[in-house]
2 protein chains.
Amino acid sequence: MTIQEGRDKFIQSWGALGTSWGINRTMAQIHALLLISPQSLCAEEVMEALKISRGNANMNLRALMDWGLAFKEFKPGERREFFVAEKDMWQVVRNIILNRKKRELEPTLKVLDELSSVEGEDLETQEFIRVIKDIKLFSNKADSLLDSLTKADPNWLMSSFIKMIK
Amino acid sequence: MTIQEGRDKFIQSWGALGTSWGINRTMAQIHALLLISPQSLCAEEVMEALKISRGNANMNLRALMDWGLAFKEFKPGERREFFVAEKDMWQVVRNIILNRKKRELEPTLKVLDELSSVEGEDLETQEFIRVIKDIKLFSNKADSLLDSLTKADPNWLMSSFIKMIK
DNA sequence: AAATATGTTAAAATTTTTCTAAACGATACG
DNA sequence: CGTATCGTTTAGAAAAATTTTAACATATTT
């Protein structure tokens with residue numbers, strides 16, 4: 001496989017993977033492109049490499065920064081903005097988890113709290129209350145588990161899991 | 001909040017959450033509906049409750065079974081098929097992880113292996129090789145971590161994390 | 001056997017998401 | 001100042017995902 005085929009294939013695959021992770025295809029492709037670029041790239045270069053419009057590049061680059069998956073790099077004497085990827089995979093995953101926790105888990109917890117105000121004696125209501133209570137308990141655990149997970153040292157994490165398997 | 005408002009709100013929220021978890025809105029709504037139903041429901045009842053078509057109900061119910069998030073229940077003397085949700089939240093999450101691991105992580109690992117055949121001495125290629133190697137290492141760790149995670153006893157998991165925080 | 005009920009499937013329609021084009025604002029520079 | 005470059009925004013186009021419709025299969029009831 002040539003380097004150009006390899007780069008293309010990687011960008012495609014990373015894009016596909018991204019879509020199932022709350023990151024849209026282009027956003028993930030830009031991240032992939034930055035990941036394998038030895039130097040930082042400007043918007044123009046990203047547009048060119050991925051054949052996307054200026055607006056698309058701009059929006060997704062900002063989204064990437066928002067997620068903590070890319071950063072601006074200022075070059076002296078350059079008006080253009082350059083971008084580099086977060087290349088530490090553990091940091092990438094950590095940022096995705098933190099973002100999604102905030103966007104998904106936290107609003108859900110809020111709704112569950114509101115739902116706890118439902119009362120009643122009939123079977124339907126009883127089951128509803130039981131399920132909500134159960135999910136709430138579980139979600140709170142998941143919430144603090146994710147907190148610990150993202151704060152944990154990756155080496156500690158791995159070693160503790162290796163211990164577990166044994 | 002009345003039970004009916006509560007049920008509606010829960011179904012809506014669960015649907016929204018689902019979309020960010022690789023489970024489409026309707027699929028998640030059906031799961032929500034089954035979750036809070038004291039008894040199993042037939043396709044007709046699901047269609048009626050969620051105002052969806054027969055085809056939609058059928059496809060998503062089968063998708064749910066495919067993910068291990070719902071089951072058929074056969075009732076003696078009934079031609080219709082009835083459905084119940086997987087109600088154990090830990091099991092729900094575990095099944096989602098296992099499904100997504102298979103659908104996303106495993107194909108990615110395969111591509112990464114193919115990409116390892118790229119060779120070359122120039123800077124671009126060197127960086128490419130470095131990044132691919134790094135991601136591969138990380139993904140393999142993630143893969144086995146997820147395996148352990150899904151095999152782990154939930155109580156063990158929580159207690160070990162609680163220990164960690166301290 | 002005809003009529004009815006249930007489940008399955010694929011094509012068409014709809015909805016949602018993403019992308020582009022184009023206008024605009026700001027800054028640099030001739 | 002006028003022109004060029006670069007970043008931002010948004011309405012509408014395009015693409016992708018989801019849903020309905022409708023035809024079909026099969027089993028059950030009359």
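Chain letters run A, B, ... following the sequence lines, proteins first, then strands; residues in each count from 1.
When the nucleotides C:dT6, D:dT20, C:dC19 are ranked by their closest atom to the side chain of B:Glu44, C:dT6 comes out on top. Each of C:dG7, D:dT18, C:dT20 was ranked by its minimum atom distance to the side chain of A:Ile52; first place goes to C:dT20. For A:Arg79, the listed nucleotide lying nearest its side chain is D:dA4; candidates were D:dT18, C:dC19, D:dA4.
Nucleotide D:dT5 holds its P atom 17 Å from the CD atom of A:Glu81, rounded to whole Å. Rounded to a whole Å, the CD atom of A:Glu48 is 17 Å from the C1' atom of C:dT20. The interatomic distance linking A:Asn24 (CG) with C:dC19 (C1') rounds to 10 Å, in whole Å. Rounded to a whole Å, the NZ atom of B:Lys72 is 14 Å from the P atom of C:dT6. Across the protein-nucleic acid pair, B:Phe83 atom CZ and C:dT6 atom P stand 12 Å apart, rounded to whole Å. At whole-Å resolution of the value, CZ in B:Arg54 and P in D:dC24 are 17 Å apart. Taking atom CZ of B:Phe82 as the reference point, atom P of C:dT6 lies 9 Å away to the nearest angstrom. A:Ile30 has its CD1 atom 13 Å from the P atom of C:dT18, to the nearest Å.
Mapped onto DNA chain C by nearest heavy atom, B:Glu78 and B:Asn56 fall at different nucleotides, with B:Glu78 at the one closer to the 5' end.
Screening A:Glu45, A:Lys72, A:Glu81, A:Glu73 for a side chain to side chain donor-acceptor pair (under 3.5 Å) involving A:Ser40 leaves a single residue, A:Glu73.
Within 6.0 Å of NZ on B:Lys141 lie no more than 12 heavy atoms contributed by other residues, nucleotides or ligands. More than 12 heavy atoms of other residues, nucleotides or ligands shown are found within 6.0 angstrom of CH2 on B:Trp90. The environment of CD in A:Glu119 is sparse: at most 12 heavy-atom neighbours from other residues, nucleotides or ligands sit within 6.0 Å.
For the pair B:Arg100 and B:Trp67, the cation-pi criterion (under 6.0 Å, within 45° of the ring axis) is not fulfilled.
Between the A:Asn140 side chain and the A:Lys136 main chain, a donor and an acceptor come within less than 3.5 Å of each other.
Dashed line: the shortest gap from a side-chain N or O of A:Thr26 to OP1 or OP2 of C:dT18 is not under 4.0 Å.
When only modelled atom types and interatomic distance are considered, A:Asp122 and A:Thr125 share a side-chain donor-acceptor pair under 3.5 Å.
The stretch residues 58-69 of chain A touches DNA chain C through A:Met59, A:Asn60, each having a heavy atom under 4.0 angstrom from the strand.
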